[in-house]
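Have a look at the structure below, then the notes.
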Protein chains: 2
Amino acid sequence: MKKTSEATALTSLILEVFRLNGQLLSQGNRLTEPLGLTSARWQVLGSIKLAGHPISVAQAARRMGLTRQAVQRVANDLETLGFTRFENNPDHARAKLIVPTAKGRDALELIEKRQIEWSNKLAKGINTSLINNAVELFGELHDRCNKMETTPIEA
Amino acid sequence: MKKTSEATALTSLILEVFRLNGQLLSQGNRLTEPLGLTSARWQVLGSIKLAGHPISVAQAARRMGLTRQAVQRVANDLETLGFTRFENNPDHARAKLIVPTAKGRDALELIEKRQIEWSNKLAKGINTSLINNAVELFGELHDRCNKMETTPIEA
DNA sequence: TATTAGTTGACAATACATTGTCAAATTGAC
DNA sequence: GTCAATTTGACAATGTATTGTCAACTAATA
């Protein structure tokens, strides 16, 4: 079987995703490190704020596209470090809610300010619709990947 | 400071990169697992083939945008598992060359066949130039990120 | 109500990647 | 040739994420 032109382009894109992912994590760590945070901790903290209300670990994991185990570990770290606390969930005895503390909210706010400067600088002069096309493409690939998950490789 | 429209779009893209990165790694693991490989091992093995000749760990790391330590670990695993061996480098006493064994070449060939099917399926019907635009955008972001590295966050 | 299926947190094993540091090897300037 | 700067592999510490499994909880259904 031969690779289609789309597939060839896609393979290049995938390699770029790996490279950029590493770079972005590194940048995020640099950005958040002075506050005792990391890229992963920041992302979890941000997902709570983005949700608009406290959510459980499993809910946060689904929003971020990670396993709940990965998020659980980070959420526990955040609690230990005092950025969040767990609050009883009236609707579910096991699934406690992640609630940012004042320390967590302050840290997030400061980081978001810095992230604005950083992203403005990084994005300066790039065509917005070019970026949005990529976002859309990624959403499509995301959905398609999900569908592939269910189709195991036949030996 | 306010976030520009490009920066807002870029932030969305970054979150998509994180999501897709995880999904792709997962797919790669699934694809390579029956052969005793993983996404990372596959990538290192592939980078040797892509180079066209045996290269050192540090060279492979630069090509992939990873630290040499990360690649070293994976390269050692590959050797232990018999997919590669280290060969003396006439030009450098320390920097041995990673050389795929027959087992390694066979495994890579089989995976590449499966990857063709997989990527053809995933990319089917997507506009090639849309993908290529994204690749180009990522290259640009990659370069810009590198320049940001040198500019530390001022406290 | 009872049973069953799905969700959730906890725990463990494994893999992946970063930063930092050290010593050996290489390279380049002098 | 000598010495300093760089490169490279080795080792350690830390953080991130996956899969798998189990028990507790929840929800749906008969």
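Remember, it's a predicted structure, so these values are computed and weren't measured experimentally.
- As judged by a 4.0 angstrom heavy-atom cut-off over every strand, A:L66 is placed among residues touching the sugar-phosphate backbone only.
- Distance, B:M64 CE to C:dA17 P: 8 Å, rounded to whole Å.
- The distance from atom CZ of B:R62 to atom P of D:dT6 is 15 Å, rounded to the nearest whole Å.
- Listed nucleotides: D:dG15, D:dA17, C:dG9. Nearest to the side chain of A:Q72: C:dG9.
- One atom, CD of B:Q43, and another, P of C:dA17, lie 7 Å apart when rounded to the nearest Å.
- The listed nucleotides are C:dG9, C:dA23, C:dT19; the one nearest the side chain of A:S26 is C:dT19.
- Nearest-nucleotide mapping onto DNA chain D: of A:H92 and A:N29, the residue sitting toward the 5' end is A:N29.
- With hydrogens and angles ignored, no donor-acceptor pair under 3.5 angstrom links the side chain of B:Q69 to the base of D:dG9.
- Atoms CG and CD, on B:N127 and A:E6 in that order, are 8.5 Å from each other to the nearest 0.5 Å.
- Checking D:dT18, D:dG9, C:dC16 against the side-chain heavy atoms of B:V57 singles out D:dG9 as nearest.
- A salt bridge does not link A:D143 to A:K147: none of the charged side-chain nitrogens sits closer than 4.0 Å to a carboxylate oxygen.
- Both B:S39 and A:S56 lie close to DNA chain C; mapped to their nearest nucleotides by heavy-atom distance, the more 5′-ward contact belongs to A:S56.
- Whole-Å rounding puts the B:E33 CD to C:dA15 C1' distance at 13 Å.
- Rounded to whole Å, atom C1' of D:dT18 lies 17 Å from atom CG of B:L37.
- The CG atom of A:L122 sits 7.5 Å away from the CD atom of A:Q27 when rounded to the nearest 0.5 Å.
- Between the NE2 atom of B:H142 and the CG atom of A:L20 there is a distance of 7.0 Å, given to the nearest 0.5 Å.
- Nearest nucleotide to the B:A70 side chain, out of C:dT18, D:dT16, C:dT21: C:dT18.
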- Apply side chain to side chain contact (heavy atoms under 4.5 Å, CB included) to the pair A:I98 and A:F86, showing each step before the final yes or no. CA-CA 5 Å; A:I98 310 172; A:F86 288 111; 3.9 Å; yes

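- Rounded to an integer number of Å, the gap from CD of B:E79 to P of D:dG9 is 13 Å.
- In terms of position on DNA chain D, the residue among A:T67 and A:P90 whose nearest nucleotide sits closer to the 5' end is A:T67.
- Here C:dG9 presents its P atom at 16 Å from CG of A:D77, a figure rounded to the nearest Å.
- Contacts of A:T38 with the nucleic acid, taken as non-hydrogen atoms under 4.0 Å apart, involve only primed sugar atoms and P, OP1 or OP2.
- Spacing between atom CD1 of A:I55 and atom P of C:dG9 amounts to 11 Å, rounded to whole angstrom units.
- In the set C:dA15, D:dT19, D:dT16, C:dA15 carries the atom at the smallest distance from any side-chain atom of B:R73.
- Look at A:E140 and A:R144 and you find a salt bridge, because one of the NZ, NE, NH1 or NH2 atoms lies within 4.0 Å of a carboxylate O, short of that distance.
- Of the listed nucleotides (C:dG9, C:dA24, D:dT16), C:dA24 has the atom at the smallest distance from the side chain of B:R94.
- Between A:R68 and B:L25, the one whose closest nucleotide on DNA chain C sits nearer the 5' end is A:R68.
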